[in-house]
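Everything on this sheet refers to the single structure shown next.
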Amino acid sequence: MGNTLIQKIMARASGRDSVAPGEIVTCAVDLAMILDSGGPRKIWPRLDQLGVGVYDKDKVVVVADHFVPAADPQSAAILKLTRDFVKKFDIKHFYDMEGICHVLMAENGHLQPGMFCTGGDSHSTMGGAFGCYMAGFGAIEMTGVVITGEIWSVVPETIKVDWSGAFGPGVTAKDIMLFLARELGMENAFKAIEFGGKSIRNMSMMERMVLTNMAAELGAETGLVAPDEITLQAIRDGGTEPAADALEWRSDDDATFCADHAFNSSTLAPQVAAPHRPSNSGAAQDFEKDHIKVDQAYIGACVGAKLTDLHMVASVLRGRQVKSGTRLMVAPSSKKIMREAAADGTLATITEAGGLILPSGCGACAGLGAGIIAEGEVCISSTNRNFQGRMGSNKAFVYLGSPYTVAAAAVAGEIVDPRNMLS
Amino acid sequence: MSVPSGKAWTFGDEINSDVMAPGIYFKESMDVMASHCLEAVNPEFAPNVQPGDIVVAGRNFGVGSAREQAALSFLHLKVGAILAKSYARIYYRNTLNFGVPALIFPKADEINAGDQVTVDPIAGVVENVTTGNSYKVSPIPEHLMEMIGDGGLMPHLKKKIDAGELKTGAAPK
């Protein structure tokens, strides 16, 4: 009987020859990512209380991305505490206002196939695009990880999701995930989702990261994509040499999956999720008849403001203007992406169309920074989650769509199928 | 460990972490954060919940963010136990790590708001005192029993460290 990719990773991390779904194992943690929001401010007092330090100052990575840049005294104090923690505990890898953590792990060569990684944020699943285990945990549990370098886990079953066929214009990984949230539901706890098939093999790393990021919306332990040449190149682009065994990390042909789904990419249309859950989704064109007026269009977060996403936005905005009465805000996922989008003219296209560029950070996505919305307002967003109250007022309405769909709504002033604006 | 008993507060399916701990209060103290717990779905809950009260909910309770405040708010409000048809992964781990017992309870629909409910998380018994019904459910998972018994992850780690049973990083000078 063969093994799935996640079984192989968890067997290695727990020092066993093999593990079966349902087994409880204790895994050694190769990378523990903690953040300004639930990292040092929560963990430091607990370390002091126990009189201990971090298990490995090379493996504990700290990122300040949630409260950046400080816009009020509390944020400033939290960020200072985060920087003080890094000094005090001699942390080797610290990213201070460089961008959003999940994107930074990819940009800086932290992830390799076969690794076992943890992060103090639910969208840590994004790292699984590199063929590693990476999952989110609360600050209380990350406290245990940074002290001991270990964590317990139930070996998950794997849901296999294959996509084949060529995507039509204006259809993206984001549309796949809004579709899957509806098809597979949001309750897949303690299961992993492995994405495969020809369409996924042809996808860029940035698009694959959308799939694994939003595995969190499906409630999964994590999402994974088996490594290939595209993965290896992304690791090299991050300044790291791929491990010699990198391509060996994949599910066996005779591995057992708890479900096996196959979808055709060529028939998928742009998707929109209506308030207040990602699974409340349907084809963008079906929203047109309701003429849903949009106060704000937001391009941001780990999932929705990478360079590929900004290119999608620019392709819609080129030669067009944001509708009067609608505001477009764009917060690139990292400083590197901001730099690249400035260099290739993408930011100019966005600002000439009337868009406003915001700092890189988690920002409005989680109701933390610039761009939150008021009672009664409607926002369409390239982010991953639209729960009630997430982006500000709990009487506001957030729709989710791909960067194409968000940009098209900014131009039309209402929710439309973006394909009409792609020539 | 104790056997919580109190008044039931009932909620539906997919109650998410953003409504348990709204992001706009992230920077505030736990007192402020907990005072807004679930206000978007029931504004009466946080101001009126009493120590020992039981939260009863539907499927996928705690779906969404890793924010520990979602689970910590219930501890802060001194909720005795959580009974839900099913849980989201991170929330489930968080609540047990804080020592707030959470049991899988398929018959959540048979408990009404205001019913007097008693929960024995070790034996896996739920009693609805108001209706007189008693339910046998799965107890806290075996491998977490010791941690819950210790009062959660922090006291559990302390016990292990004090006993020299845990290898940890050294405190900085």
Side-chain angles (χ1 to χ4, degrees), chain A residues 24 37-38 42 46-57 66-67 72 74-75 78 88-90 119-124 135-141 143-144 146-149 152 185-187 189-190 216 219-221 276-277 366-368 372 385 387-395, chain B residues 13-19 21-29 36 39-41 59-60 62-72 85-99 141-144 147 152-154 156-158 160-162 166-173:
Chain A
I24 295 158
S37 54
K42 298 281 179 188
R46 293 172 182 154
L47 295 182
D48 283 354
Q49 190 190 329
L50 295 171
V52 297
V54 305
Y55 81 107
D56 189 330
K57 42 198 187 188
H66 277 65
F67 297 123
D72 51 56
Q74 298 108 306
S75 299
I78 292 167
K88 180 80 175 176
F89 289 84
D90 195 21
D121 184 277
S122 61
H123 291 112
S124 299
F137 297 89
I140 179 70
E141 195 139 32
T143 305
V146 304
I147 292 172
T148 66
W152 67 267
M186 295 172 61
E187 195 184 344
F190 304 103
E221 175 101 6
H276 294 290
R277 44 176 63 100
L368 304 174
I372 62 173
R385 204 170 268 166
F387 294 139
Q388 195 177 359
R390 180 167 173 86
M391 268 184 109
S393 168
N394 65 32
K395 295 187 178 71
Chain B
D13 290 340
E14 285 188 345
I15 299 296
N16 67 72
S17 54
D18 285 78
V19 294
I24 50 175
Y25 305 111
F26 249 39
K27 295 168 239 174
E28 311 294 338
S29 67
H36 295 282
E39 71 180 355
V41 287
R59 304 201 64 84
N60 213 8
V63 57
S65 163
R67 59 189 68 176
E68 68 172 17
Q69 294 93 329
L72 195 49
K85 290 182 187 172
S86 64
Y87 295 91
R89 174 184 157 272
I90 306 177
Y91 172 82
Y92 181 69
R93 297 183 69 120
N94 278 342
T95 190
L96 295 180
N97 279 319
F98 282 122
E142 185 84 37
H143 72 290
L144 298 176
M147 181 193 76
L153 183 63
M154 283 299 292
H156 180 63
L157 286 173
K158 182 163 180 10
K160 296 271 229 190
I161 290 167
D162 290 348
L166 206 58
K167 195 164 156 270
T168 70
K173 305 222 166 47

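Proteins come first, then strands; the chains are lettered A, B, ... in the order of their sequence lines, and each starts at number 1. What you see is a predicted model; the values in this text were computed from it and never measured.
When the candidates B:Ser17, B:Pro22, B:Ser65 are compared by the number of heavy-atom contacts under 4.5 Å with chain A, B:Ser65 comes out ahead. Per-residue heavy-atom pair counts under 4.5 Å with chain A were compared for B:Glu39, B:Lys173, B:Arg59, B:His156, and the maximum is reached by B:Arg59. By number of non-hydrogen pairs under 4.5 angstrom with chain A, the leading residue of B:Lys167, B:Glu14, B:Glu28 is B:Glu14. Residue with the most contacts toward chain A among B:Ala88, B:Gly64, B:Gly152, B:Ala71: B:Gly64 (heavy-atom pairs, distance under 4.5 Å). Across A:His276, A:Met391, A:Arg385, the residue that shares the most heavy-atom pairs under 4.5 angstrom with chain B is A:Arg385. Chain B forms more heavy-atom pairs under 4.5 Å with one residue of A:Gly136, A:Gly120, A:Ala189 than with any other, namely A:Gly136. Looking only at heavy-atom pairs under 4.5 Å with chain A, the residue among B:Val19, B:Asp18, B:Val63 that has the most is B:Asp18. Your options are A:Trp152, A:Tyr55, A:Phe190, and the one with the most heavy-atom pairs under 4.5 Å with chain B is A:Trp152.
Proximity to chain B (any heavy atom under 4.5 Å) is restricted, for A:Val54, to the backbone atoms N, CA, C and O. Using a 4.5 Å cut-off between heavy atoms, A:Ile147 touches chain B through backbone and side chain atoms alike. Residue contact with chain B, scored on non-hydrogen atoms closer than 4.5 Å, involves the side chain of A:Lys42 exclusively. Neither the backbone nor the side chain of A:Asp48 comes within contact range of chain B, judged by heavy atoms closer than 4.5 Å. When heavy atoms are compared at a cutoff of 4.5 Å, A:Glu221 approaches chain B by way of both its backbone and its side chain. Looking at A:Ser75, the atoms closer than 4.5 Å to chain B (heavy atoms on both sides) sit in the backbone and in the side chain alike. Of the two parts of B:Tyr92, only the side chain, counted from C-beta on, holds a non-hydrogen atom closer than 4.5 Å to a non-hydrogen atom of chain A. At a 4.5 Å heavy-atom cutoff, the contact between B:Ala170 and chain A is made by backbone atoms alone. Interface remark: A:Ala139 contributes backbone and side-chain atoms alike to the contact with chain B (heavy atom separation under 4.5 Å). Heavy atoms of B:Lys27 lying under 4.5 Å from chain A belong to its backbone as well as its side chain. Only the side chain of B:Ile90 comes within contact range of chain A, judged by heavy atoms closer than 4.5 Å. With a 4.5 angstrom heavy-atom cutoff, A:Leu47 does not touch chain B via any of its atoms.
No donor-acceptor pair closer than 3.5 Å links the side chain of B:Arg89 to the backbone N or O of A:Ala216.
Minimum heavy-atom separation, B:Asn60 to A:Met186: ND2-O, 2.8 Å. When all heavy atoms of B:Ala171 and A:Gly51 are compared, the pair lying nearest together is CB-O, 3.7 Å. Residues B:Arg67 and A:Ala366 come closest through the heavy atom pair NH2-CB, 4.4 Å. Closest heavy-atom contact between A:Ser122 and B:Ala66: N-CB, 3.4 Å. Here the closest heavy-atom approach between residue A:Ser37 and residue B:Phe26 is recorded as CB-CE2, 4.4 Å.
With values rounded to the nearest 0.5 angstrom, B:Glu68 atom CD is found 14.5 Å from A:Phe137 atom CZ. Expressed to the nearest 0.5 Å, how far CZ of A:Arg46 lies from CG of B:Leu153 amounts to 8.5 Å.
For the ring-ring contact (aromatic ring centres under 6.0 Å, His included) test, no residue two or more places apart in sequence or in another chain qualifies with A:Phe387. A:Ser124 pairs by the side-chain hydrogen bond (donor to acceptor under 3.5 Å, both in side chains) definition with nothing, not counting sequence neighbours.
Between A:Ile140 and B:Arg93 the shortest side-chain heavy-atom distance does not fall below 4.5 Å.
The neighbour count for B:Lys158 NZ, taken as heavy atoms of other residues, nucleotides or ligands under 6.0 Å away, does not exceed 12.
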